[in-house]
Structure formats: structure tokens, C-alpha cells
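Since the structure comes first, as C-alpha cells, the remarks are kept for the end.
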Number of protein chains: 2
Amino acid sequence: MVKTSTLQDVARVAKVSTATVSRTLSNPDVVSESTRRRVSEAVKVTGYRINRAARNLRTQRSHSVLVLLPDLANPFFSTILEGISRILSRQGYSMLIASTKQVLDSGDRLTDYLDDARADGMIILDGGLDPDVVEMLENAPQSKRVLFACEWIDGANFPSVRCQNRQGTRTAVDHLYDLGHRKIAHVTGPEGNVLMHTRKDAFVTELGKLNLELKPEWIIAGDFSLAAGCQAAQAWITLDDRPTAVFCASDQLAMGFIAELSRYSFKVPNDVSVMGFDDIDLAEQFIPPLTSIRQDRLMIGETAAKMLMERILAPNEEHSVHAAVLPVSLVVRESTASLN
Amino acid sequence: MVKTSTLQDVARVAKVSTATVSRTLSNPDVVSESTRRRVSEAVKVTGYRINRAARNLRTQRSHSVLVLLPDLANPFFSTILEGISRILSRQGYSMLIASTKQVLDSGDRLTDYLDDARADGMIILDGGLDPDVVEMLENAPQSKRVLFACEWIDGANFPSVRCQNRQGTRTAVDHLYDLGHRKIAHVTGPEGNVLMHTRKDAFVTELGKLNLELKPEWIIAGDFSLAAGCQAAQAWITLDDRPTAVFCASDQLAMGFIAELSRYSFKVPNDVSVMGFDDIDLAEQFIPPLTSIRQDRLMIGETAAKMLMERILAPNEEHSVHAAVLPVSLVVRESTASLN
DNA sequence: ACAAAATATGTAATCGATTGCAAATCGGAG
DNA sequence: CTCCGATTTGCAATCGATTACATATTTTGT
């Protein structure tokens, strides 16, 4: 193993002290032109790479951020990660990834990463944490460096980034209404999930505003997954008085719903209009292409990372934005149609 | 900010030296029963958490592994990450994520993470690296701690984990043959990709073995994406003598292919049988459910992490497995049917 | 030309854990 | 009771960078 060279080596070659080398590297303005050149040259000659472990120890910064997902295997998050990573790497930060399940199952606390200097902050994409875990988070001395994205915790006061869930839901319902639909069902996310409640609530409210009937059985409990969408379809089929349109709380739900319907020879949108939420990549390629509410996952990631970095780099300042709510938009494709 | 307690604090409370505390924590057998108890008590009282930055510096280990993806936004990798993370966290290691594009675009070398003590090893899921980047990797002193998964570099000698690409391709072709198909097309991955070449090559070979005709235009160039699948469908449609079955090098290709066909009112599998490769989650829910070659992404991740950890923890030993080739299996669903 | 201010560099302490070596303690044999 | 080896513990150096403070050097003003 070739030993990599250290600041000392560079200092020796450049005939200056390690302090000067350090300064040259992190704050070039304070050293003279000539030493700056000598040091740069020495760095090149020695092939010096900074040792992050040493710097991290000395500066009390890990220069990395932990992203906590509910479930690593869920592709919904990949674009968000891309957004986060872009911002972080631009600031010289690295991105650590773990799943809340894995961390908690192993008996660790979520804040361990912060406590033991592995991460300077964390972005949590999981609103389904146990209340006692949340309480611990809130009371932790590092709670200032915790931020939620996509989902959030009702009643807690963490900074967060989310999309316009209510507005998106309203837009969806209005779209179906404009197409002539008057009997509209909703397939929800999982019980206890904040997005589920927000969207369901907005759905009910909007139907009320439009003076539409809403039978209790038109709210079908699901959980964002394909499988739940299939089950919801079964439920829809058995209804006496079938709604002519269905607003699903996620694209996956909508796809499962449509897939299952097709097994029973129902046609979308001819027999029923179906909408999703999220506008994942596949929505466009699905058959039929899915009408959905688009949320910009890249921007969610970027915004979250920016907000967190602000808090890490200037922990004592007041930060203008506490909850960033990003716009959504209606994407009309072929899974919804006028009521004929 | 509450300062977290250090080894010193624990030592003071337990009335022993820091050396003893350290030993108690990392190697309990060498300390006496009584001090072990005193130290554990002191740890509890002080709420001590080890400072990883300090340990990393002293031990010259970062206790983390970098996973390099070609593209963070690609959901294909999420399950693999889950597998990697499981193994790593079990060994007290963390998982850093970055994309090769981002790293290289920012002017850094891939080995920087290794050189500057940010990571003890790396798993690369990107076989599309530039030859000069590969050469640099090979000649780096840390090349022993680099491992490829899913894809690999032809001609280079890095340890790797992959699935049975040839066997899978053969199985796919045989399946179509058994259904009576004699004119079979192939939609390939991106030019230059090792998986693309391996699968194409195996495809051609197997057709030869079965004495099947293969017109050059029956090999349609693609790139694993949905969009490429759509284009491939266009190409297929314009053929005079259309193959009755199509083997796509990825599920995404197959989905795009089918989606596009349906826009032109072709029915799958009635008008043409279509197969994918990978068996991603969505394959099952697609309409029609996709016949595919399944690769176990969780196991790919776990195997890769295990192999890398072996090499990190015992760098000088000979390691039994250099290239792990994991089994694939045929999953028959409804996108393929007998030629009638 | 000289004092004061501004700029550039060096010295050495520090971050917090690990570990080689030395010292202390213990147990048992003679 | 003494001595020897084994077991336990402590001392202090170390990993490699950063930075407060001291010192040296240059510039500026009069």
C-alpha cells in the first residue's frame, strides 16, 4: 500500500509550515502570491489529497448528510436523491443513505448519526415514524439539523419541503368535474400517513364545495402500492352504484387499479376515468397513459438539500423558509375522459 | 449546543484511564469483570457516543463504502442498494452514494473517495466508464477495494457480481421457441454496454443453435429505456416480414415496446410475443403482465457487499470468489403466447 | 527616516479515540 | 514469604488537519 502524502509532506517540499499549506488550500487570499505558487506546485508534486477524517475531527464537521428513507427499495425516491446529491456535492458534502426501518431495527436511535459525528444533518423522507421516535428527535440537541421532505410530522415543528397536496387534489377533482363526472371515488394512501390524510381531506372538502354526493364506500382504503390498487379495483367492481371516476392517491395505486380492471374487461377511460398522483416516469408509458398530478421530485430534493445546508452552515441565523411548499401541475393523458 | 461526552468523560466517571474505556468498548474480554461493569455504568450515565471522526482518523478506516451509480434517478438500482445496505450496516459500515457522472463532471477522480479517507471501498454499478478512467482505477493503489456489480468492465480484472446473462438469454429464446416462434427479434441495450453485448451475443448464438433465421434488421438497437422501447416498436412495425416474437434486453424496453404498439392497435401477445429482462416490480402489474427473466437484485447487492467487506477486512488474503455469477429464472406471464 | 498599521508566516495546542509499551496487581508454586 | 508469570491497567504517542496567538515582514503616512 502506497502511503498517501500529508500536509507535512507538502510543507516540507514547499519549504513552509503546515499552517501555511492549510491556509493556502482553504483560504488562498491570505497568503502571498509567491508561496501560493510554491504550495500549489508542491501539492502537485506530492499528489497530496486532504485526509477528510483528520479534517472532520478537527473541524467537528462530518461534511456529510444522512438521507433516511422508509424503504430503500422504493423507486419513488430515486429522483429526489438525485436532487439532494447535486446540491450536496456542489458544497463538498457527501450523501449517506439508510432506511429508518434498518436503523431502528438495529436498536440505534435516529440521532446516532448526528451524535457520533457521522452526519452534520439529516433529511427524513418518512412521515411514518413512531410518536416516541419523533419525540426523541424533537428533544434532541441536534433537532435543528433535521428536515423532512415529501412527508412530514403533523404536530411537530421540523422544517420541511413538500408539494401542494391540497391544491393538487383540488385540481384533480376539478379536472374530473370538468369532464362531467359527478360520482367520484378516492383510493387513499395508508392509514396514518400524513399525505393520505391531507389528500383525503382535500378530496372531501372539494367534493363538498362542488356539491357532489359522496357515499362512504366511495372512499376506498389503500396504501400507495400497486397491490392496493388491485384490491381497490375489486372494491369498486362490487359497488352497486359505481362512481364514474376515481382519484387515486398515487400513480402506483392508479396503475394497479387499472391493471386489475382490465382483468375483468373494464376499459379505462371508457368505463371509468382514473387519475393518479405524483406523475412518476412510468405514468407516461402506462397503457393507457396516466392522467396525474405532477410533483417535481428533483426540485423537492434540491430544495430540501439547500434548506438543510443553510441550517448546517449558519445554525444560529433565522431562516426565511420553514416549510417550502412546491407547486404541482395537472398532466392530462388518456386515463381520463368526458363522461358520455 | 450540548457537548456530547467523550472517552475522557467516561474515564473520569468510571475512575479509569481512557485506554481502559476504549478497550472495554472494543475488546471487553481483556478487561476485568468489575471494571467492565464500572465502565458500562459510566457510559450510561454520561450518554457517551463514540466520535467516529476521531476513530476513523486513528484507525485509518472510514467505516463506509461508496456506491457509484451511473444515474441516481434510475429506479433499477433501489433494491440493489437495499441489499448492500443490509450487509454494510450489519458490519457497522455506512453507505455513501454518488453517481459516476456527477463525480467525474466535477473534475474529481473516482478514487478520490478512497484516497481522501472518505470510503474504505467502492461498489461500481456502472460498466460504462471511459477507458482512461478504468485504466486509472486499475493502476490506483487501492484498486483492490473496487468491485463491480451488475455490469463489469471487459478486459479489466476487478472482482464482480453479475447475473447469468447468457443463460438468461438462452432461456428466453428457448421459451419463445417452445411456444412455436421461429422468427424472433431482439431489442438491445445501449451500444458499448457489456450487458448489451453479452445478451446480444448469447441471443445470436442461441438462434444459431436452434437453426433459426436471423435477418440483420431483426436486431434493433435500443438503450434499456422506455423511450427506446417505443422507437423499437416503430422499427418493428415498418418491417416487411415481422418477427412474431421479440426479446427485449430490459423490462423497460419491453414496456415501451408494448405501449407504443398499443397506440397502433397491435395486441400483445396476440400479434406479437414480447419478453423483457430483469423482472422489475412493475413487470407483474403491467398490462399485459410481462414475461421476463428474473434477476435477484437483493442478492446481487448482498453478495457485492459481502465480497467487498471481505476484501476490506482481510486485504491480504486470497479470496475464493472473484466473479460471482448469480442465477436467473424465467417468469412466464401474459406477454408471450403460443404462435397460433 | 521612523512609528504604526497591515500583511504574511510560523509555533504549538487541539480535536477524540486507539494502542505499544511499561507498570502494577494478582495468584499460585516452591 | 518470595518469586514468576499472567492478567489488568495506565502513560503517552499518534493519526493529519486547523487555528489562536505570536512573530516577522512589508507597507503606509508623516
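Order of the sequence lines fixes the chain letters, A, B, ..., with proteins taken first and strands second; residue numbering starts at 1 for each chain. Fair warning: this is a prediction, and the values are worked out from it, not measured in the lab.
With the end axes of the helix from C:dA1-D:dT30 to C:dG30-D:dC1 each set by five pairs, the angle from one to the other reads 40° at 10° resolution.
Each of A:L57 and B:S17 has a nearest nucleotide on DNA chain D; the 5'-most of these lies closest to B:S17. Each of A:R36 and A:T18 has a nearest nucleotide on DNA chain C; the 5'-most of these lies closest to A:R36.
The CZ atom of B:R55 sits 11 Å away from the C1' atom of C:dT18 (whole-angstrom rounding). Distance, B:R12 CZ to C:dA17 P: 12 Å, rounded to whole Å.
Backbone-only contact: A:V16 has heavy atoms under 4.0 Å from sugar-phosphate atoms and none from a base. Across all strands, A:T35 comes closer than 4.0 Å only to sugar-phosphate atoms, never to a base (heavy-atom distances). Within 4.0 Å (heavy atoms only), B:S32 reaches sugar-phosphate atoms of the nucleic acid but no base atom.
Salt bridge B:R38/B:E41: absent, no basic N to carboxylate O contact under 4.0 Å.
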Passes side-chain hydrogen bond (donor to acceptor under 3.5 Å, both in side chains), A:T100 versus A:D126? Steps please. CA-CA 8 Å; A:T100 49; A:D126 182 352; 2.6 Å; yes
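Checking D:dG10, C:dT18, C:dT9 against the side-chain heavy atoms of A:R23 singles out C:dT9 as nearest. Of the candidates D:dT9, C:dT9, C:dT18, the closest approach to any side-chain atom of B:T20 belongs to D:dT9.
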